[in-house]
Amino acid sequence: MLNVNQIQEIIPHRPPFLLVDRIIEMEVGKRAVGIKNVTINEPFFTGHFPGYPVMPGVLITEALAQVGAVAILNVESNKGKIGFLAGLDNFRFRGQVVPGDTLRLEVEITRLKGSIGKGHAKASVEGKVVAEGEIMFALSDPTAS
């Protein structure tokens, strides 16, 4: 549905901090499903952990937030804005993500009022949930001051 170049037209993140390779499903403003192919070449594996590479949970959370941002920033009235991760509720990490995994990232927007919103986020590998919880985000217009 959206490749990495099209994703970069919607959100401002760039490598090495762009953590979504593709968007495979989307209902603009409501939900999105993205894919991250995790490879040993990811820069964070150098130090997390030498000899036992595991994707940091905070980056799984960031990848989920980026997928949510694609869904919400693709709304016409939000184009050009930046989505900031503003909070996490009831987040749990249930498995490790290692090189070779394909991470499926699902976010359903559950509330949007003004510039603040919430969504249910779930990350899975081969059908097994590895992280899940609620994310809160804030939209900001970088051209407004």
Side-chain angles (χ1 to χ4, degrees), residues 1-2 4 6-50 52-75 77-144:
M1 167 168 243
L2 296 179
V4 72
Q6 294 166 313
I7 293 168
Q8 290 180 86
E9 292 173 6
I10 300 168
I11 63 174
H13 304 76
R14 297 294 181 265
F17 209 66
L18 178 62
L19 299 171
V20 183
D21 296 332
R22 289 182 290 135
I23 296 293
I24 58 172
E25 297 175 27
M26 182 166 53
E27 291 179 57
V28 174
K30 295 181 180 176
R31 63 181 289 275
V33 179
I35 296 293
K36 167 67 178 164
N37 292 310
V38 181
T39 75
I40 192 64
N41 296 322
E42 308 291 347
F44 47 82
F45 285 139
T46 302
H48 199 270
F49 301 97
Y52 192 84
V54 177
M55 185 173 184
V58 68
L59 294 182
I60 296 170
T61 307
E62 173 62 25
L64 286 162
Q66 291 179 12
V67 168
V70 169
I72 208 71
L73 296 179
N74 213 17
V75 173
S77 61
N78 294 330
K79 290 188 176 181
K81 293 182 179 176
I82 296 175
F84 290 93
L85 184 59
L88 303 171
D89 288 325
N90 302 315
F91 226 91
R92 296 289 181 268
F93 297 96
R94 305 180 192 285
Q96 296 178 353
V97 177
V98 298
D101 283 346
T102 297
L103 198 53
R104 180 180 170 94
L105 306 154
E106 303 176 48
V107 178
E108 180 176 352
I109 306 301
T110 56
R111 183 175 175 208
L112 180 61
K113 186 172 184 178
S115 63
I116 304 295
K118 286 186 103 173
H120 180 77
K122 180 172 72 174
S124 59
V125 174
E126 295 182 358
K128 180 180 179 243
V129 176
V130 295
E132 186 173 25
E134 304 299 319
I135 59 174
M136 182 181 296
F137 57 90
L139 300 179
S140 178
D141 185 347
T143 62

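Salt bridge annotation for Glu134-Arg111: absent, with no cationic side-chain nitrogen under 4.0 angstrom from a carboxylate oxygen.
With rounding to the nearest 0.5 angstrom, the CE atom of Met1 is 10.0 Å from the CD1 atom of Ile24. Taken from CG in Leu59 to CG in Leu64, the straight-line distance is 11.0 Å, to the nearest 0.5 Å. For the atom pair CZ (Phe44) and CG (Asn41), the distance works out to 10.5 Å, reported to the nearest 0.5 Å. To the nearest 0.5 Å, the span separating NE2 on His13 from CG on Leu19 amounts to 8.0 Å. For the atom pair Ile109 CD1 and Glu27 CD, the distance stands at 11.5 Å (nearest 0.5 Å). Going from atom CZ of Arg31 over to atom OG1 of Thr110 covers 13.5 Å, rounded to the nearest 0.5 Å.
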Practice task
Take Asp89 and Lys118, measure what side-chain contact (heavy atoms from CB on, under 4.5 Å) needs, and give me the verdict at the end.
Solution key: CA-CA 10 Å; Asp89 288 325; Lys118 286 186 103 173; 3.2 Å; yes
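When all heavy atoms of Ala138 and Ile116 are compared, the closest pair comes out as CB-CD1, 3.7 Å. Here the closest heavy-atom approach between residue Ala131 and residue Ile60 is recorded as CB-CG2, 3.9 Å. Residue Phe137 comes nearest to Ile72 through the heavy atom pair CE1-CG1, 4.1 Å, listed as atom of the first residue, atom of the second, then distance. Nearest heavy atom pair, residue Ile82 against residue Pro12, reads CG1-CG, 4.1 Å. Closest of all the heavy-atom pairs between Asn78 and Leu112 is ND2-CD2, 4.5 Å. Nearest heavy-atom pair, Val20 versus Val4, reported as atom, atom and distance to 0.1 Å: O-CG2, 4.1 Å.
The shortest distance between side-chain heavy atoms of Gln8 and Pro15 falls below 4.5 Å. Between Leu2 and Ile10, the closest side-chain pair of non-hydrogen atoms falls below 4.5 Å. Contact check for Leu139 versus Leu73: side-chain heavy atoms found under the 4.5 Å cut-off. Residues Leu88 and Ile135 form a side-chain contact, since some pair of their non-hydrogen atoms from C-beta on lies under 4.5 Å apart. Asn74 places a side-chain heavy atom less than 4.5 Å from the side chain of Lys79. Residues Leu103 and Val130 are in side-chain contact: their nearest non-hydrogen atoms beyond the backbone lie under 4.5 Å apart. The shortest side-chain heavy-atom distance between Lys36 and Gln66 does not fall under the 4.5 Å cut-off. Contact of the Met55 side chain with the Glu42 side chain is not registered, since no non-hydrogen atoms from C-beta on lie closer than 4.5 Å.
Just one of Val98, Val38, Val97 meets the side chain to side chain contact (heavy atoms under 4.5 Å, CB included) condition when paired with Val125; it is Val97.
Looking at His120 and Glu106, their side chains never bring a donor and an acceptor atom within 3.5 Å of each other.
In this pair, Phe93 and Phe91 present their aromatic rings tilted. The plane angle is within the 30 to 60° band.
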